Amino acid sequence: MNQLIYHFVNDDELLRITNKIREYEKLTAGEICVSIKERKTFFQKRRTVDELAKHEFVRLGIGKTRDKTGILIYIILEERQFFILADSAINNKVGENTWHKIKDGMQEFFMKGMFAKGIIHGVEETGKVLAEHFPVKPDDTNEIPDRVILS
């Protein structure tokens with residue numbers, strides 16, 4: 001497992017992505033999670049990327065954040081697909097078009113072979129949206145690990 005991932009990013013780039021998540025989470029009460037899956041399992045073959053993102057969202061407990069301000073950037077490498085899924089409090093304030101714009105920006109980097117830069121762009125843009133609508137609170141705690149989740 002995790003062999004395909006190294007065709008896209010190296011350990012230094014994974015660390016840069018994690019550090020970017022930490023950087024933006026200092027500005028917001030929101031929680032940003034990046035999950036990269038190498039491929040769909042046999043039982044997932046017929047499921048869409050958004051269905052799988054919803055499952056991952058629940059599996060990782062992103063929907064259990066105190067203020068419902070978690071967001072998932074979910075990527076399936078072999079399928080060359082990704083999806084951005086935000087929790088209810090975010091979706092109540094931020095239009096879906098925002099996520100499409102961020103996704104388009106990420107896609108531009110991906111098409112140029114700049115995978116890590118694409119993910120970092122997604123984290124930065126998502127972080128800016130969260131910081132604007134959900135500024136950090138004095139009693140904020142880190143509810144979701146910042147590291148990139150690989151499976």
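Note that the structure is a prediction, hence the values are computed from the model and not measured. Along the sequence shown, residues carry numbers from 1.
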Contacts of Lys93 that satisfy side-chain contact (heavy atoms from CB on, under 4.5 Å) - sequence neighbours left out
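Per chain and number, Lys93 pairs via side-chain contact (heavy atoms from CB on, under 4.5 Å) with His133, Phe134.
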Could you check if a side-chain atom of Thr18 sits within less than 4.5 angstrom of a side-chain atom of Leu14, using non-hydrogen atoms only?
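Of all side-chain heavy-atom pairs linking Leu14 with Thr18, none is under 4.5 Å.
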Taking the side chain as everything from C-beta on, heavy atoms only, tell me whether Trp99 gets closer than 4.5 Å to Val94.
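Yes. Closest side-chain heavy atoms under 4.5 Å.
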According to salt bridge (Lys or Arg N to Asp or Glu O under 4.0 Å), does anything in residues 61-70 pair up with another residue at least two apart or in another chain? List the pairs.
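Found Arg66-Asp139, Asp67-Lys137.
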List for me each residue that meets ring-ring contact (aromatic ring centres under 6.0 Å, His included) alongside Phe83, sequence neighbours excluded, and say none if there are none.
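With sequence neighbours excluded, Phe83 shows a ring-ring contact (aromatic ring centres under 6.0 Å, His included) to no residue whatsoever.
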For Phe110, enumerate each residue passing the ring-ring contact (aromatic ring centres under 6.0 Å, His included) test, keeping only those at least two apart in sequence or located in another chain.
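Only Phe82, Phe115 meet the ring-ring contact (aromatic ring centres under 6.0 Å, His included) criterion with Phe110.
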Mind checking what makes salt bridge (charged side-chain N to carboxylate O under 4.0 Å, His left out) contact with Lys103, not counting sequence neighbours?
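Scan of Lys103 (salt bridge (charged side-chain N to carboxylate O under 4.0 Å, His left out), adjacent residues dropped) gives none.
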Only counting residues at least two apart or in another chain, list the ones meeting salt bridge (charged side-chain N to carboxylate O under 4.0 Å, His left out) with Glu108.
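Salt bridge (charged side-chain N to carboxylate O under 4.0 Å, His left out) check on Glu108 returns nothing, list empty.
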Consider side-chain contact (heavy atoms from CB on, under 4.5 Å). Of Ile62, Ile71, Asn142, which one does Glu31 pass it with?
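In the set Ile62, Ile71, Asn142, the residue that makes a side-chain contact (heavy atoms from CB on, under 4.5 Å) with Glu31 is Asn142.
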Quick check on side-chain contact (heavy atoms from CB on, under 4.5 Å): which of Arg47, Lys54, His55 does Glu51 satisfy it with?
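Result: among Arg47, Lys54, His55, Arg47 is the only option passing the side-chain contact (heavy atoms from CB on, under 4.5 Å) with Glu51.
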Between Glu56 and Ser35, do the side chains contain an N or O donor and an N or O acceptor separated by less than 3.5 Å?
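Present: a donor and an acceptor within the cut-off.
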Hey, are Asp50 and Tyr74 close enough side-chain-wise for a donor-acceptor pair under 3.5 Å?
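Looking only at side-chain atoms, Asp50 and Tyr74 do not form any donor-acceptor pair under 3.5 Å.
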Salt bridge flag under 4.0 Å for residues Glu78 and Lys40
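Judged by the 4.0 Å cut-off on N to carboxylate O distance, Glu78 and Lys40 do not form a salt bridge.
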Any side-chain to backbone donor/acceptor pair from Thr126 onto Val123? Under 3.5 Å, distance only.
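No; judged by distance alone, with no hydrogens or angles, the pair does not exist.
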Test salt bridge (charged side-chain N to carboxylate O under 4.0 Å, His left out) applied to Glu25 and Arg22, step by step:
CA-CA 5 Å; Glu25 283 193 2; Arg22 283 189 185 124; over 6 Å; no
Take Glu79 and Gln44 through the side chain to side chain contact (heavy atoms under 4.5 Å, CB included) test and state the conclusion after the steps.
CA-CA 12 Å; Glu79 306 280 329; Gln44 295 172 331; over 6 Å; no
Is Glu96 atom CD crowded by more than 12 heavy atoms from other residues, nucleotides or ligands, each under 6.0 Å away?
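Count not over threshold, so no.
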